[in-house]
2 protein chains.
Amino acid sequence: MRASLAEKGVALTPRRAKLLEVLVASDRHPSVGEIHEEVRRYFPSTSLATIYNTIELLKETGQVLEIEFSGAANRYDGRIPQAHPHLICVECEKIEDLEMVEPSEPLEAISAATGYRLVNRRTDYYGVCPQCQAREGGQQQAPQSLP
Amino acid sequence: MRASLAEKGVALTPRRAKLLEVLVASDRHPSVGEIHEEVRRYFPSTSLATIYNTIELLKETGQVLEIEFSGAANRYDGRIPQAHPHLICVECEKIEDLEMVEPSEPLEAISAATGYRLVNRRTDYYGVCPQCQAREGGQQQAPQSLP
DNA sequence: TAACAAATTAGAATGGTTCTAAAATCTCTC
DNA sequence: GAGAGATTTTAGAACCATTCTAATTTGTTA
């Protein structure tokens, strides 16, 4: 797992190891800011640039899945770095893995039908989680920055 | 179609009408910048803010689908404003509608299984389109800003 | 025509991400 | 070990799509 960094000729420095640990330990799909905060608890001088740089490395070696947002910070999944469906609460911005069935069409079928060389897939379901529904007691929702 | 704006108590001004026309006439899933450019050909003084404001109105009335990106400008689908799968070329940033089967699980099933009140869905397939594959003759790809 | 509301504008502000140049750290050879 | 050269890290500037703000313009109604 961590060996794939070595293959690229880059070192697994203490900061990078800690970042990877934070990423794998969390099921919250943390943002760069949250990762930064956490890594800083062990290496207080760590800069944001290092977090971004390291995540870039991890993306290149397929060890982290990036979930992009336009109005909010990107989020990262270090537990299941392969594309898989997510369940996203537009209220509290919680992101959960969705264990249910994969989208029906396999990449190969779509590739064959369209001529695209497919490299990735994204499937998100947006809604309001049970906790947020309970908190607002059926009323309408507040401003939201995730779709 | 355009009546839904009236119901909100907002006027269908010439700029807004042109924007809607541009949106429906294009199958390219244009960005705000492209829409701006196009509207400007008819109303040269149009500001970016107006494009953003109008798109916000259209989103609220469900007349446009926003496709968000973190590293690039958002794109808009005014032809099929309901959530549907897209095929995205990571090279030339072309976006096509994918007519194939919807992801298997209906929203209701996921809603029932998870307790979420679902409001939206996103399904994207990322790859290299046939034209870009031909252009690069099998070599590796250049920098890209879409996932 | 006057008065009020809605729409539009230009430009500033925001915020996540990327870039840059310099400082710090590591590695390898002698 | 000491020193040269590469890698890593840092702080802060730069970037850019988007949002906000205050002022101007346009439209509507009396």
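Chain letters run A, B, ... following the sequence lines, proteins first, then strands; residues in each count from 1.
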Find the distance [X]:[atom1] to [N]:[atom2] and express it as a whole number of Å.
X     : N      : atom1 : atom2 : answer
B:N53 : C:dA6  : CG    : P     : 15 Å
A:I55 : D:dT9  : CD1   : P     : 13 Å
A:E66 : C:dT18 : CD    : P     : 7 Å
A:L19 : D:dT8  : CG    : P     : 14 Å
B:F69 : D:dC15 : CZ    : C1'   : 20 Å
A:L12 : D:dT7  : CG    : P     : 17 Å
B:E68 : D:dT18 : CD    : C1'   : 11 Å
A:I51 : D:dT10 : CD1   : P     : 8 Å

Is a side-chain N or O of A:E38 found less than 3.5 angstrom from the main chain of A:I35, in a donor-acceptor match? no
Taking A:E93's backbone N and O only, do any of them form a donor-acceptor pair with A:R75's side chain (distance below 3.5 Å, no angle check)?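 Such a contact is found between A:R75 side chain and A:E93 backbone.
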Distance, nearest 0.5 Å, that separates CD of B:E99 from OG1 of A:T114: 12.0 Å
Is there a path of hydrophobic side-chain contacts, each under 4.5 Å between heavy atoms of I, L, V, M, F, W or Y residues, that connects B:L48 with B:V64?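 Yes: a chain of side-chain contacts under 4.5 Å links B:L48 to B:V64.
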Side chain of A:A49: nearest nucleotide among C:dA7, C:dC19, D:dA17? C:dC19
Given C:dT17, C:dA7, D:dT9, the nucleotide with the shortest approach to the side chain of A:T13: D:dT9
List in numerical order all residues of residues 27-48 of chain A for which some heavy atom is under 4.0 Å away from an atom belonging to DNA chain D. A:S45, A:T46, A:S47
Can you confirm if the NZ or CZ of B:R122 lies within 45° of the ring axis of B:F69 and under 6.0 Å from the centre of its six-membered ring?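 Positive - B:R122 is close enough to the ring of B:F69 and near enough to its axis.
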Would you tell me if any nitrogen or oxygen in the side chain of A:Y52 comes within less than 4.0 Å of OP1 or OP2 on C:dT18?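 The answer is no; no side-chain N or O of A:Y52 sits under 4.0 Å from OP1 or OP2.
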When you measure from the side-chain N and O atoms of B:N74 to the phosphate of D:dT18, is any distance below 4.0 Å, counting only OP1 and OP2? yes
Mind checking if A:T50 touches a base, just sugar-phosphate, or nothing, with heavy atoms under 4.0 Å?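 Base, at least one base heavy atom under 4.0 Å.
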B:D77 and B:H84: CA distance, side-chain angles, deciding distance, side-chain contact (heavy atoms from CB on, under 4.5 Å) verdict: CA-CA 10 Å; B:D77 191 332; B:H84 60 283; 3.1 Å; yes
Which atom names give the shortest non-hydrogen contact between B:R79 and B:V24, and what distance separates them? NE-O, 3.0 Å
A:S45-A:R15 side chain donor-acceptor pair, cut-off 3.5 Å: yes
Any salt bridge between A:K59 and A:E56, counting N to O under 4.0 Å?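 Here A:K59 pairs with A:E56 in a salt bridge, since their nearest N and O are under 4.0 Å apart.
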At a cut-off of 3.5 Å, list every protein nitrogen or oxygen paired with a nitrogen or oxygen from nucleotides 22-30 of chain D, distance to 0.1 Å.
none

Residue mapping more 5' on DNA chain C - nearest nucleotide basis, B:S70 or B:R15: B:R15
